[in-house]
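What follows is one structure encoded as structure tokens, with my remarks underneath.
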Amino acid sequence: MAEISFRQVLNDTLREEMHRDENVFLMGEEIGVFEGSYKITAGLLKEFGAKRVVDTPIAENGFVGMAVGAAMLGLRPVVEIMTFNFIALAIDEILNHAAKIYYMFGGQTPVPMVIRTPGGGGQQLSATHSQNLEAWFAHIPGLQVIAPSTPADAKGLLRTAIRNNNPVLFLEHLALYNNKGEVPEGDYTIPFGQAKVTKEGKDLTVISYSRKAAIAHEVASRFERENKLSVEVVDIRSLRPLDRETLVNSIKKTGRAIVFEEDWRSYGVGAEIVATLQEDAFDYLDAPIKRVASLEVPLPYSKPLELAALTGVQELEDAINALAPRRRRR
Amino acid sequence: MAEISFRQVLNDTLREEMHRDENVFLMGEEIGVFEGSYKITAGLLKEFGAKRVVDTPIAENGFVGMAVGAAMLGLRPVVEIMTFNFIALAIDEILNHAAKIYYMFGGQTPVPMVIRTPGGGGQQLSATHSQNLEAWFAHIPGLQVIAPSTPADAKGLLRTAIRNNNPVLFLEHLALYNNKGEVPEGDYTIPFGQAKVTKEGKDLTVISYSRKAAIAHEVASRFERENKLSVEVVDIRSLRPLDRETLVNSIKKTGRAIVFEEDWRSYGVGAEIVATLQEDAFDYLDAPIKRVASLEVPLPYSKPLELAALTGVQELEDAINALAPRRRRR
Amino acid sequence: MSTEQQKRPDERDAIVKSISRVVTLPEDEDQETLVHYYSQMLLVRRFEEKSAEMYNKARIGGYCHLNLGEEATVVGFCAGLGPKDYVYTNYREHGYAICRGISAKTVMAELFGKETGCSRGRGGSMHLFSVEHRLLGGYAIVGGQIPLATGAAFAIAYRGSDEVVVCQMGDGTTNGGPFFESLNLAKIYKLPIVFFIVNNQYGMGMPADKGSAVPELYRKGCAFDMLSERVDGNNVLAVRDAMRRAVNVARGQHEPVLLEAVSYRFKGHSVIDPDRYRNEEEVKQGRAQDPIPTFARRLLEAHLIDEQGLDRIEQQVEREVEEAVRFAEESPFPPIESLMDYIYAPDNVESERR
Amino acid sequence: MSTEQQKRPDERDAIVKSISRVVTLPEDEDQETLVHYYSQMLLVRRFEEKSAEMYNKARIGGYCHLNLGEEATVVGFCAGLGPKDYVYTNYREHGYAICRGISAKTVMAELFGKETGCSRGRGGSMHLFSVEHRLLGGYAIVGGQIPLATGAAFAIAYRGSDEVVVCQMGDGTTNGGPFFESLNLAKIYKLPIVFFIVNNQYGMGMPADKGSAVPELYRKGCAFDMLSERVDGNNVLAVRDAMRRAVNVARGQHEPVLLEAVSYRFKGHSVIDPDRYRNEEEVKQGRAQDPIPTFARRLLEAHLIDEQGLDRIEQQVEREVEEAVRFAEESPFPPIESLMDYIYAPDNVESERR
Ligand SMILES: Cc1ncc(C[n+]2csc(CCOP(=O)(O)OP(=O)(O)O)c2C)c(N)n1
Ligand SMILES: Cc1ncc(C[n+]2csc(CCOP(=O)(O)OP(=O)(O)O)c2C)c(N)n1
Ligand SMILES: [Mg+2]
Ligand SMILES: [Mg+2]
């Protein structure tokens with residue numbers, strides 16, 4: 001298998017899906033002439049023309065709503081919202097329209113569309129450009145929320161998203177775009193609602209998604225090499241629908257868990273994971289599940305403050321060491 | 001003490017605060033001539049005039065943003081968003097501006113404002129007019145989220161909200177407006193971040209807020225009268241800041257808890273409560289904390305379906321009976 | 001038809017402000033059609049009166065917004081469209097659904113929340129929908145339907161087919177961002193869409209000219225160099241003709257058009273609104289514009305119908321409405337087991353190429 | 001000053017499209033002021049060049065948007081304001097901060113993320129702020145600042161004081177809902193505000209006339225019957241005078257005004273943008289409009305300064321910028337312990353009556 005970057009695999013997948021189905025088109029700010037703020041759509045305007053790679057003005061509510069309407073007539077829009085933060089301006093069309101139209105009208109019109117958007121902090125983009133709002137969208141029935149951590153998953157899940165008949169929020173991460181990984185050839189798809197054990201372990205489980213899942217995997221692998229603890233890593237991948245079974249099974253095995261998330265701790269994704277596990281795996285838990293999340297502060301620009309606010313490798317290692325069943329292992 | 005309705009106490013409190021401080025003014029759709037979609041502002045236009053009771057066009061992003069700007073200059077806007085659902089159009093000004101301006105600019109300008117809005121379903125208002133999105137806002141550092149269940153708390157907390165120097169989301173509930181209760185006279189205020197044990201009990205704890213806390217209190221009182229179980233009820237009242245201590249202390253006493261919430265279960269308020277308790281009271285939990293929440297569906301119009309989708313008295317009683325420590329009590 | 005020359009020589013679209021004028025009917029109109037418009041207007045009127053009655057009997061729940069007073073606008077709107085054109089509306093859409101061809105029965109059944117309703121009882125009064133009749137929804141978030149309609153027009157242009165989308169909205173909706181963003185998008189992409197403002201002069205209690213910086217709402221088109229026109233919403237033929245002109249431009253030139261029909265809301269904002277905030281004299285004048293008797297007079301004077309004919313129509317309409325209520329009453333509610341259906345469309349439902 | 005007669009007899013606000021014209025300086029201008037404008041423009045130019053250099057040296061992080069090419073607009077904008085007027089801008093605001101009187105040192109310190117920065121290092125390049133200088137913030141959500149500025153103007157009207165708010169924004173921002181909603185709100189409430197569009201002809205890679213249905217952005221004011229004017233953004237005096245006229249109207253009549261300055265973005269959207277999407281010839285022409293040498297020539301020809309004078313200014317400016325960098329370098333980062341400060345304002349901070 002070839003080693004491909006996250007950015008490249010997204011670009012390839014969009015191209016392939018556009019070739020496969022003429023109803024698939026791209027829409028968003030600066031995705032054409034500018035080739036995307038993060039170059040995910042590089043070359044696609046040249047290849048497919050302005051009909052299928054649509055540069056929009058800065059009107060998130062307007063063009064996201066347009067995508068919903070186009071989907072109602074059977075097109076398959078793939079919308080790029082330049083960064084996750086700007087979705088705040090389009091939420092009405094997502095919450096009250098995209099997610100409700102199929103149900104509210106008694107199942108007469110599916111809304112097959114994808115919203116791609118990169119989230120995440122760590123590049124000194126300040127408070128309004130560094131947010132992780134995935135918990136909001138995972139809360140909404142009618143939506144599906146996907147957050148891959150590897151190029152392979154990005155390929156398989158983006159294909160599934162584009163072919164799915166319902167609205168999908170496909171969450172990317174600024175700091176993942178340059179990550180490389182092996183990617184299966186061909187028409188590779190991954191069903192929604194399947195978490196993945198990316199590393200087996202027996203002492204404890206780290207549950208994560210998107211960029212933090214990639215970091216968790218590195219940390220766990222290092223712990224193994226340095227034969228410290230045996231850490232299992234579960235990549236949620238799909239926040240809605242959520243794969244409770246895979247999570248529960250891992251806890252039944254390890255009895256201990258950490259949720260590693262980049263969003264704000266309170267009312268974040270980790271809260272749901274913890275609640276789910278204590279409901280379904282209560283008797284298997286040897287210790288409280290820890291949440292390792294970012295500090296609850298509007299992310300500051302100043303580098304030292306930003307570093308202190310965002311959770312990372314150090315916080316995860318400390319949590320693993322604190323939670324590890326030392327005595328039992330003697 | 002006088003028995004006053006929730007609606008009346010909100011109206012009285014707004015009037016009193018407007019008399020107390022000329023910087024306090026009201027802004028929103030139909031709050032003046034129309035006297036409010038739910039008549040909370042009845043009579044205030046006549047009393048204070050159009051300068052301080054400002055009818056706005058249908059432009060939530062615009063007038064909520066205006067309130068933020070007016071607050072930056074020292075006014076104290078109290079904005080009504082006709083129903084919680086429409087806040088979707090104003091989220092950018094709340095998330096990226098109201099909640100960040102004080103921090104992002106290094107503490108130079110506080111943003112003292114209140115957004116009042118009624119949420120909740122049960123009146124056949126359909127999918128886009130029946131939502132409970134409080135978990136979204138409770139997730140945001142820089143905001144405060146308040147959700148009273150009694151007229152007395154509404155009085156004390158709304159006063160505090162208006163006098164607070166930071167943005168507050170003050171959550172009301174359509175089905176609470178006609179509820180009556182005793183209300184302390186005078187300049188009664190309640191600090192934020194204090195949950196309240198509204199009924200003492202020993203068998204288990206029901207944790208709730210807003211309308212569901214009122215229902216929980218009724219159910220628990222009936223269980224006592226019918227000397228069934230002894231149910232403690234904790235009204236969170238303040239979702240952000242959250243009073244962990246009061247919640248934990250109740251669990252230390254009862255060992256069992258139910259979170260009773262009207263919002264969608266996944267990634268909702270209950271998830272945070274459960275996560276918090278299993279972190280801080282893990283060793284005191286005799287059974288998994290149950291979440292009794294609404295079904296995850298865009299709320300249907302048809303009455304029988306709507307009733308089936310919303311959680312209520314029956315679901316709470318079933319949960320209490322299922323969770324109760326029967327054997328231990330023999 | 002630009003903002004400069006929106007007055008037409010035959011004055012059909014001229015604004016009648018206070019006095020209700022009886023224009024003699026043009027020669028070229030055929031009798032059947034004109035009588036049909038009358039009976040449609042009457043059907044909407046009676047249907048809405050019945051809806052209010054059923055609401056007060058608690059057969060209908062939630063919010064219920066009526067087209068009372070707007071019948072000429074509603075009928076003219078639908079008469080100007082082709083069968084394959086798409087319609088998006090706000091929540092005040094009973095009349096549009098009926099004139100679009102959805103039977104009064106299935107509309108009433110929807111208001112009753114029954115499985116036989118046009119949205120299977122899931123939507124209710126504010127959310128009528130029918131793929132078959134190309135009514136792509138009544139929406140209750142003010143302005144929410146406008147970007148959707150713009151996107152539907154985008155899909156038509158993308159496919160190169162020749163339908164047009166017509167997006168209805170109220171006067172109060174034209175002060176919101178979604179309205180302005182959509183007009184700009186429709187113009188830069190040259191989309192086949194008509195933005196149709198029903199200026200019933202109120203958004204709940206807010207007078208149209210108080211919430212908007214410009215009282216003539218069609219003038220907002222100037223910010224987008226958009227063809228814009230205002231028409232007398234109490235004149236069914238003027239509305240129909242203006243709509244035809246607009247639809248022709250949209251279809252033929254792929255140019256969006258902004259159309260404003262000036263009408264009047266006879267009653268409160270919704271059935272529960274006691275309507276205490278309007279000046280009596282004004283309401284009297286507004287109701288004096290009643291498009292239905294006015295049009296009846298025109299038909300009588302042109303000898304296109306006689307009193308008996310009008311009575312027959314009255315009876316037919318009454319029967320149709322009674323039928324609708326009976327049908328709605330007798331229809332079953334959706335089964336509780338179906339509560340979780342339709343949250344997600346299955347993979348096999350290849351979303352229809354409409 | 002209505003949209004009809006925006007051309008002024010003295011042509012100061014006429015648009016110079018391709019050739020850069022040397023207008024002789026009007027008599028009534030005093031030397032000091034004119035020379036001061038020149039040195040301010042040069043200061044902005046050198047400050048921005050230095051910012052780019054520091055960004056590439058990784059002293060500055062995040063996004064960094066420069067005013068290169070917009071100096072006449074920036075200086076004219078600030079010259080037209082009174083000291084008590086409030087300014088809201090977007091994220092391309094270094095020049096506005098400096099010309100508003102915030103020292104280059106504290107601005108550069110902010111870009112470095114230092115405690116001595118004008119936002120205590122919390123905001124960075126996109127979020128400059130100073131209560132003292134009444135710069136109420138640079139904002140990075142496109143359009144987000146417009147409702148805020150409108151609300152600030154509301155507060156002024158509420159208090160009956162006589163300041164004016166000026167809200168700067170880019171061309172691409174005028175296609176979004178917040179822009180339109182704010183103009184309508186400002187007009188119906190009669191607020192003392194000037195909406196100032198810097199049409200630098202691009203929103204990132206999107207040409208202004210591609211994203212907007214109307215190429216002349218000031219014309220969007222027509223949808224609100226708002227006084228609107230377009231001015232040559234390369235002519236510092238024309239911008240200042242237009243701003244003065246606008247501010248006078250806003251202050252005196254509490255009428256909002258929409259002002260558009262046509263300028264040109266010399267470089268990429270931000271420092272990291274290689275700017276590959278623009279046509280070379282066009283960029284050459286745009287840069288040929290460089291307002292700084294043009295203005296220098298005018299000063300020389302009017303004998304208001306000589307070459308040595310220009311050199312002295314060049315040196316002063318260089319020194320000021322070097323000073324700024326040194327100050328920023330030497331300033332401390334905010335202490336980690338202060339991370340959680342300023343999330344919530346304490347109760348005792350009675351929010352200042354500004
Ligand atoms: C975004 C949003 N804000 C507020 C409301 C509440 N609301 C429902 S209808 C209405 C008035 C709309 O007036 P108009 O556009 O003139 O339509 P009309 O009711 O007159 O047909 C308002 C404010 C809403 N449904 N959605
Ligand atoms: C709501 C929102 N959408 C998109 C962006 C990304 N973005 C930042 S600047 C910009 C272009 C703005 O262009 P213009 O208004 O002309 O201002 P200029 O950069 O030219 O000064 C875009 C799309 C954003 N910051 N906010
Ligand atoms: Mg109206
Ligand atoms: Mg620009």
Side-chain angles (χ1 to χ4, degrees), chain C residues 2-4 6 141-147 150 153 169 171-191 193 195 197 203 206-228 230 253-258 260, chain D residues 2-4 6 141-147 150 153 169 171-191 193 195 197 203 206-228 230 253-258 260:
Chain C
S2 84
T3 60
E4 281 61 45
Q6 68 315 109
I141 299 293
V142 164
Q145 75 275 25
I146 312 176
T150 307
M169 71 195 79
D171 45 277
T173 307
T174 65
N175 302 314
F179 168 77
F180 292 104
E181 289 186 359
S182 298
L183 264 63
N184 187 62
L185 289 161
K187 179 70 181 188
I188 65 174
Y189 297 131
K190 295 182 97 321
L191 302 181
I193 183 168
F195 298 101
I197 304 167
M206 172 73 91
D209 56 9
K210 186 166 170 251
S212 171
V214 290
E216 306 83 15
L217 307 179
Y218 74 91
R219 286 177 47 210
K220 301 187 188 198
C222 68
F224 311 96
D225 281 343
M226 190 176 292
L227 295 175
S228 306
R230 188 182 229 198
Q253 302 159 38
H254 272 214
E255 270 290 326
V257 179
L258 178 63
E260 175 189 12
Chain D
S2 83
T3 61
E4 282 59 47
Q6 51 341 94
I141 299 293
V142 165
Q145 76 276 23
I146 312 175
T150 307
M169 70 194 80
D171 44 276
T173 307
T174 66
N175 301 313
F179 168 77
F180 292 103
E181 290 187 357
S182 299
L183 264 62
N184 188 62
L185 290 161
K187 179 71 182 190
I188 65 174
Y189 296 132
K190 295 184 95 323
L191 302 181
I193 182 168
F195 298 101
I197 304 167
M206 171 73 90
D209 57 7
K210 185 164 172 253
S212 171
V214 290
E216 306 82 13
L217 307 179
Y218 74 91
R219 287 178 47 211
K220 301 187 189 197
C222 69
F224 311 95
D225 281 343
M226 189 177 292
L227 295 175
S228 305
R230 190 182 226 195
Q253 300 158 40
H254 271 213
E255 270 289 323
V257 179
L258 178 62
E260 175 189 11

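Letters A, B, ... are given to chains in the order of the sequence lines, protein chains preceding strands, and every chain is numbered from 1. Everything numeric here is computed off the predicted structure, so don't read it as measured data. Hydrogens, waters and symmetry mates play no part in the numbers below; they use all other heavy atoms, side chains included.
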Requested in this report: Apply salt bridge (charged side-chain N to carboxylate O under 4.0 Å, His left out) to Glu255(C) and list each qualifying residue two or more places apart in sequence or on a separate chain.
Outcome: Lys187(C), Lys190(C)

Query raised in the report: Going through the distances and angles, do Ile188(D) and Phe224(D) end up as a side-chain contact (heavy atoms from CB on, under 4.5 Å)?
Result: CA-CA 9 Å; Ile188(D) 65 174; Phe224(D) 311 95; over 6 Å; no

Query raised in the report: Atom CD1 in Ile197(D), atom CZ in Arg230(D): separation rounded to 0.5 Å?
Result: 9.5 Å

Query - Ala213(C) backbone acceptor or donor facing Asn184(D) side chain under 3.5 Å - result: yes

Query raised in the report: Which residues in residues 171-181 of chain D have a heavy atom less than 4.5 Å from any heavy atom of chain C?
Result: Asn175(D), Gly176(D), Gly177(D), Pro178(D), Phe180(D), Glu181(D)

Query raised in the report: Atom CZ of Arg219(C) and atom SG of Cys222(D): how far apart are they, to the nearest 0.5 Å?
Result: 8.0 Å

Query raised in the report: So how far is it from Leu183(C) CG to Leu191(C) CG, rounded to the nearest 0.5 Å?
Result: 11.0 Å

